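All values reported here derive from a predicted model rather than from experimental measurement. Just the heavy atoms: all of them, side chains too, but no hydrogens, waters or symmetry mates, feed the values below.
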Amino acid sequence: MIQPPCFEDPDKPDYVCKLKKASYGLKQAPRAWFDKFSLFLIDFGFVCSFPDPSLFVYHRGSLVIYLLLYLDDMIVTGNNEVLIQSLLKSLNTQFRMKDMGEVHYFLGIQIHRVQDGLFMNQEKYTQDLLITAGMADCAPMPTPLPLKLDNVSGQDALFSDPSYFRTLAGELQYLTITRPDLQFSVNYIFQRMHMPSQEDFSLLKCILRYVKGTYNMGISMTAGTDSTLLSYSDSDWAGCKATRRSTGGLCTLLGSNVISWSTKRHDTVSKSSTETEYRTMSEAASEIVWLQTSGDGSSTTDSPVAVV
């Protein structure tokens, strides 16, 4: 520990500075900021969600407010405008804030209000990704991956720039927030992050070409739907020719709205297709249990549940 440059004390060269207030950019600054902000919300009457610590819930009788925090950006929604304005006024007394109005862009996600709900996509993020990859003018493809992955060639020649491959793959992974149709293909590419080959990079470019033709796609959230949780799961058997492990996928819907999706290669080899299906169905059931977990950590079973 030494004194920072330009702040040295020539009379006390062996002394160090004592930090009384967290400065923006320090490693402990986000933790200090979250502690201060969360304590204020808890004093206001919010409860920090157990499954997601960045979500705060205010529930008093019929009044409900949800506040989602990411660093210094937040989304606030609820069923009482007067209470929301009271919250914003209280926040302004403690923090310097700016009300951006109705949400339309948050963390790279564009949010459009439509007649029966919301439509979310990442059109601007997709266009920036294609520019980064140098494929803004590429020809689109109808599918993200070839139909027969076993017939690809060139797996022995390693790709010359693995860090570039991982950068593009990571940016594609963020695109799956609003693109369930990319989940399997991006997961397939991620399985080759350690030592990508030339053919793996060609497959990654296939995904980008598919994204080029579908950059305005996203997910819809329809208002007025019921609260039935419905989960679909499916899997192959020994689909990975290198490890003989299976790949399972699932998606969960709240009424008619898809709210979560996942594709994952199993950790162990399954002895039969039945065992493979049960493994994926177990993951789907775990997802439903997690989604049912309320803010205080308990599990609610009031809503109908189905696993298919």
#### Entry: Side-chain (R245) to main-chain (R265) donor-acceptor, under 3.5 angstrom
no
### Partner set under ring pair (Phe, Tyr, Trp, His ring centres under 6.0 Å) for Y174, not counting sequence neighbours
Y125
### Query
Run the side-chain hydrogen bond (donor to acceptor under 3.5 Å, both in side chains) check on Q183 and N187 step by step: do they pass?
CA-CA 6 Å; Q183 189 68 55; N187 174 267; over 6 Å; no
### Message
Which heavy atom of I219 sits nearest to which heavy atom of T178, and what is that distance?
### Response
CG2-O, 3.5 Å
### Message
Within the supplied structure, the quantity of interest is the number of heavy atoms (other residues, nucleotides, ligands) at a distance under 6.0 Å from L39 CG; does it exceed 12?
### Response
yes
### side chain to side chain donor-acceptor pair (under 3.5 Å) against S270, all qualifying residues, sequence neighbours excluded
T276, R279
### Query
Within the side chain of T225, is there an N or O that forms a donor-acceptor pair under 3.5 Å with the backbone of S256?
yes
### Message
Testing the basics here: between L182 and P144, what is the closest heavy-atom pair and its distance to 0.1 Å?
### Response
CD2-CB, 4.4 Å
### Query
L254, V114: one ILVMFWY side-chain cluster at the under-4.5 Å cut-off?
no
### Pair S197-D200, side-chain hydrogen bond (donor to acceptor under 3.5 Å, both in side chains): steps then yes or no
CA-CA 5 Å; S197 65; D200 293 332; 3.0 Å; yes
## Note on the structure
Residues at least two apart in sequence or cross-chain that pass side chain to side chain donor-acceptor pair (under 3.5 Å) with E102, listed by chain then number, are R113
### Task
Could you name each residue pair satisfying side-chain hydrogen bond (donor to acceptor under 3.5 Å, both in side chains) that touches residues 83-92, not counting sequence neighbours?
E81-Q85
### Task
Using modelled atom types only, decide if a donor and an acceptor are shared between the side chain of S246 and the backbone of A238 within a distance under 3.5 Å.
yes
### Message
My understanding is that only residues two or more places apart in sequence, or in another chain, count here; which of them pass side chain to side chain donor-acceptor pair (under 3.5 Å) with T176?
### Response
none
### Closest approach of W261 to I177 (non-hydrogen atoms, all atoms of both residues)
CZ2-O, 2.9 Å
### Task
List for me each residue that meets side chain to side chain donor-acceptor pair (under 3.5 Å) alongside S185, sequence neighbours excluded, and say none if there are none.
none
### Query
Can you name the closest pair of heavy atoms from P142 and Y210 and give their distance?
O-CE1, 3.4 Å
### Message
Give me each pair satisfying salt bridge (Lys or Arg N to Asp or Glu O under 4.0 Å) with a member in residues 158-178, each pair once, sequence neighbours excluded.
### Response
none
### Query
Between T252 and E287, does a side-chain hydrogen bond (donor to acceptor under 3.5 Å, both in side chains) hold up when you go through it step by step?
CA-CA 8 Å; T252 308; E287 179 74 9; 4.9 Å; no
### Task
Write down the atom of F119, the atom of N216, and the distance for their closest heavy-atom approach.
CZ-O, 3.6 Å
### Task
May I ask you to check whether over 12 heavy atoms, not counting those of Y66, lie within 6.0 Å of atom OH?
no
### Heavy atoms of other groups near F7 CZ, more than 12 under 6.0 Å
no
### Message
My understanding is that only residues two or more places apart in sequence, or in another chain, count here; which of them pass side chain to side chain contact (heavy atoms under 4.5 Å, CB included) with A169?
### Response
I189, F190, M193, L204
### Query
Can you name the salt bridge (Lys or Arg N to Asp or Glu O under 4.0 Å) partners of D128, sequence neighbours left out?
K124
#### Entry: Partners passing ring pair (Phe, Tyr, Trp, His ring centres under 6.0 Å) against F37 (at least two apart in sequence or in another chain)
W33, F95
### Summary
d(N121 CG, M217 CE) to nearest 0.5 Å is 10.5 Å
### Message
Per the salt bridge (Lys or Arg N to Asp or Glu O under 4.0 Å) rule, what does the pair list look like for residues 213-230, sequence neighbours excluded?
### Response
none
### Message
Would you say that L250 contacts E283 through its side chain, given a criterion of any heavy-atom pair below 4.5 Å between the two side chains?
### Response
yes
### Task
Write down the atom of M74, the atom of F106, and the distance for their closest heavy-atom approach.
N-CE1, 4.0 Å
### Query
Would a distance-only check, ignoring hydrogens and angles, find a side-chain to backbone donor-acceptor pair under 3.5 Å from Q3 to D9?
yes
### Query
Counting heavy atoms not belonging to F46, are there more than 12 under 6.0 Å from its CZ?
yes
#### Entry: Results of side chain to side chain contact (heavy atoms under 4.5 Å, CB included) for V16 - residues two or more places apart only
M1
### Task
Tell me, yes or no, whether the heavy-atom count around R60 atom CZ, taken from other residues, nucleotides or ligands under 6.0 Å, exceeds 12.
yes
### Query
Stepwise, does the side-chain hydrogen bond (donor to acceptor under 3.5 Å, both in side chains) test hold for T280 with H266?
CA-CA 8 Å; T280 307; H266 292 174; 3.1 Å; yes
